[in-house]
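One structure below.
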Amino acid sequence: MKKKIGFVDFDMSIRGGGQQVLCNIANALSDEDPRQEKYEIYVISLIHEKEECAYELRDGIHYYNILPYKARIREVMSKAGKVFRRYCMEQGIGLLFYVGVYAGFCAGFPGRKLDIPKVFCDHGALMNQWDDKAVRFMRRMGSRYSDRTVVLTRQSENAYYEKFHYKPGRVITIYNWIDDTILEGSGDYDADSRKILTAGRFSREKGMDLLVDVAAALHKKTTDFLWEVYGEGDLWEEIRQRIRKEGLEENVKLMGLTNEMERCYQGHSMYVLTSYREGLPLVLLEAKANHLPLVSFDIVSGPGEIIEHGTDGILIPPYDTEEMACQIYELLCRQEKRVRMSESSSRNLEEFGKEKILSQWRALIEDMVSG
């Protein structure tokens with residue numbers, strides 16, 4: 001008999017790293033050898049800001065949206081809980097994964113009454129928002145409502161044990177993997193390129209405001225660069241206005257959202273991450289798979305476990321926009337350094353290989369349903 005596994009997200013109608021990871025895992029598990037008939041997958045979205053799911057799920061995956069509109073956490077807690085619990089019981093789901101802080105909190109509370117194992121998947125990092133009492137509380141509860149917690153980095157694993165005093169084995173690290181389409185689409189590095197690449201949501205945590213500051217500082221050193229920025233979000237217009245105010249319209253181009261990001265890495269000189277906080281940024285892994293030198297702020301979690309400073313990229317003290325501009329300028333000027341970093345980009349890629357990481361998810365599932 002197939003094991004029925006549910007993946008819960010707050011809103012699968014919008015694009016984000018957590019939603020992408022959920023989709024990747026659900027699709028991969030549903031693509032097992034059909035003769036084995038191991039898993040039956042359910043994806044549950046608590047709300048829907050937009051009409052359709054933002055991701056393509058494989059045939060055979062059950063998709064259920066509880067509230068077909070945008071809603072605040074309080075409304076989700078009051079209206080979605082009973083519906084969520086009833087759906088899980090009716091479908092006979094035997095294991096739940098809460099993906100993200102909001103899902104862990106909003107589904108975790110009503111899910112307490114379900115006599116099945118649960119796993120909280122923290123797509124961010126505990127210490128990134130430790131000073132935010134509301135988010136800290138939701139993370140604590142999402143983790144407490146679950147039997148295990150999966151985090152993206154060793155730093156986060158250590159932080160959960162230190163702050164919440166769990167017994168060994170309660171928290172485990174499983175990295176994100178690099179999608180096959182990224183590996184299949186990767187090409188040779190363009191050593192002559194003057195193009196810089198960034199992709200992400202236009203939201204506060206992604207640091208698009210810092211990107212403009214870095215670009216303005218770089219512009220004072222050289223105008224011979226083009227910085228392409230992919231993505232959309234609430235701050236898109238604000239960032240566009242700032243680019244215009246700084247006189248950067250010829251050098252910083254907002255490219256919008258694309259469903260073919262795997263094609264966008266080629267032809268660039270480097271990838272730059274300006275986020276205030278991250279979990280384990282998929283974009284850095286994808287850029288690394290495309291042989292791009294990486295430049296990132298050395299924030300609490302994420303980049304430091306991907307970038308080997310001075311070998312395949314540069315780690316900058318957090319939010320030092322002038323230093324980041326200096327390092328980008330040096331890389332633009334020193335082609336041989338960029339080529340050397342590009343050649344070193346595959347050094348630890350095996351740590352983020354799909355089969356290795358998928359085997360960890362399978363092992364966790366088997367342990368949870370048989371434990």
Side-chain angles (χ1 to χ4, degrees), residues 5-10 17-18 21-22 25 46 73-74 76-77 81 84-85 88 93-176 205 275-281 297-306 318 351-352 356-357 359-371:
I5 304 169
F7 291 90
V8 187
D9 186 78
F10 191 73
V21 171
L22 185 158
I25 296 171
L46 298 180
I73 290 176
R74 181 175 297 179
V76 175
M77 294 289 286
F84 162 69
R85 191 166 59 242
C88 291
I93 293 173
L95 171 62
L96 281 171
F97 287 92
Y98 305 132
V99 183
V101 175
Y102 290 174
F105 181 68
C106 295
F109 183 76
R112 295 173 307 155
K113 297 182 180 180
L114 294 169
D115 188 23
I116 58 175
K118 303 113 184 168
V119 179
F120 171 54
C121 304
D122 188 350
H123 188 73
L126 181 65
M127 298 313 297
N128 275 345
Q129 296 169 283
W130 184 254
D131 294 333
D132 187 323
K133 292 182 180 180
V135 176
R136 185 174 72 209
F137 176 75
M138 286 191 288
R139 271 201 167 92
R140 182 191 292 270
M141 291 300 100
S143 182
R144 295 287 187 188
Y145 294 149
S146 304
D147 303 288
R148 294 276 187 87
T149 295
V150 174
V151 296
L152 292 174
T153 65
R154 303 296 179 191
Q155 186 279 336
S156 284
E157 180 180 335
N158 294 335
Y160 264 92
Y161 282 122
E162 178 184 345
K163 296 296 184 180
F164 298 150
H165 310 292
Y166 288 140
K167 294 180 180 179
R170 176 69 183 271
V171 186
I172 60 175
T173 299
I174 302 180
Y175 287 144
N176 293 331
E205 69 270 18
S275 297
Y276 287 99
R277 60 179 186 268
E278 287 282 351
L280 188 77
F297 290 129
D298 190 15
I299 48 182
V300 171
S301 175
E305 293 191 33
I306 297 174
E351 290 296 313
F352 308 101
K356 177 178 180 177
I357 294 170
S359 69
Q360 294 174 305
W361 283 105
R362 292 193 195 103
L364 175 61
I365 290 170
E366 296 304 318
D367 183 50
M368 297 299 294
V369 297
S370 62

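Reckoned from all heavy atoms, side chains included, excluding hydrogens, waters and symmetry mates.
Side-chain N or O atoms of N176 include one that pairs as donor or acceptor with a backbone N or O of L280 at under 3.5 Å. T153 places a side-chain N or O within donor-acceptor distance of the main-chain N or O of S156, the cut-off being under 3.5 Å. A donor-acceptor pair under 3.5 Å links the side-chain atoms of E305 to the main chain of Q155, judged by distance alone. Without hydrogens or angle criteria, R148 side chain to I172 main chain gives no donor-acceptor distance under 3.5 Å. S359 contributes a side-chain N or O that, together with a main-chain N or O of K356, makes up a donor-acceptor pair within less than 3.5 Å.
How far OH of Y276 is from CD1 of I299: 11.5 Å, rounded to the nearest 0.5 Å. How far CG of N158 is from CE of M127: 11.5 Å, rounded to the nearest 0.5 Å. Put simply, SG on C88 and CG on L95 are 10.5 Å apart, with the number rounded to the nearest 0.5 Å. With rounding to the nearest 0.5 angstrom, the SG atom of C121 is 9.0 Å from the CG atom of L152. Rounded to the nearest 0.5 angstrom, K163 NZ and R139 CZ are separated by 13.5 Å. In this structure, CD1 in I306 is found 8.5 Å from CD in E278, a value given to the nearest 0.5 Å.
Ring geometry for Y166 against Y161 counts as perpendicular: the plane angle is over 60°, on a 0 to 90° scale with 30° as the lower cut.
Residues meeting the side chain to side chain contact (heavy atoms under 4.5 Å, CB included) test with R136, sequence neighbours left out: W130, K133.
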Could you tabulate the donor-acceptor pairs under 3.5 Å formed by side-chain atoms of residues 101-119, not counting sequence neighbours?
residue: R112; atom: NE; partner: F109; partner atom: O; Å: 2.8
residue: K118; atom: NZ; partner: G111; partner atom: O; Å: 3.0
residue: K118; atom: NZ; partner: L114; partner atom: O; Å: 2.5
residue: K118; atom: NZ; partner: I116; partner atom: O; Å: 3.2

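For Y160 and D122, the side-chain atoms include at least one donor-acceptor pair closer than 3.5 Å. Side-chain contact annotation: Q360 with Y175, donor-acceptor N/O pair under 3.5 Å absent.
Among V150, L126, V151, the single residue meeting the side chain to side chain contact (heavy atoms under 4.5 Å, CB included) criterion with E157 is V151.
In summary, the aromatic rings of F7 and F97 are positioned with their centroids under 6.0 Å apart.
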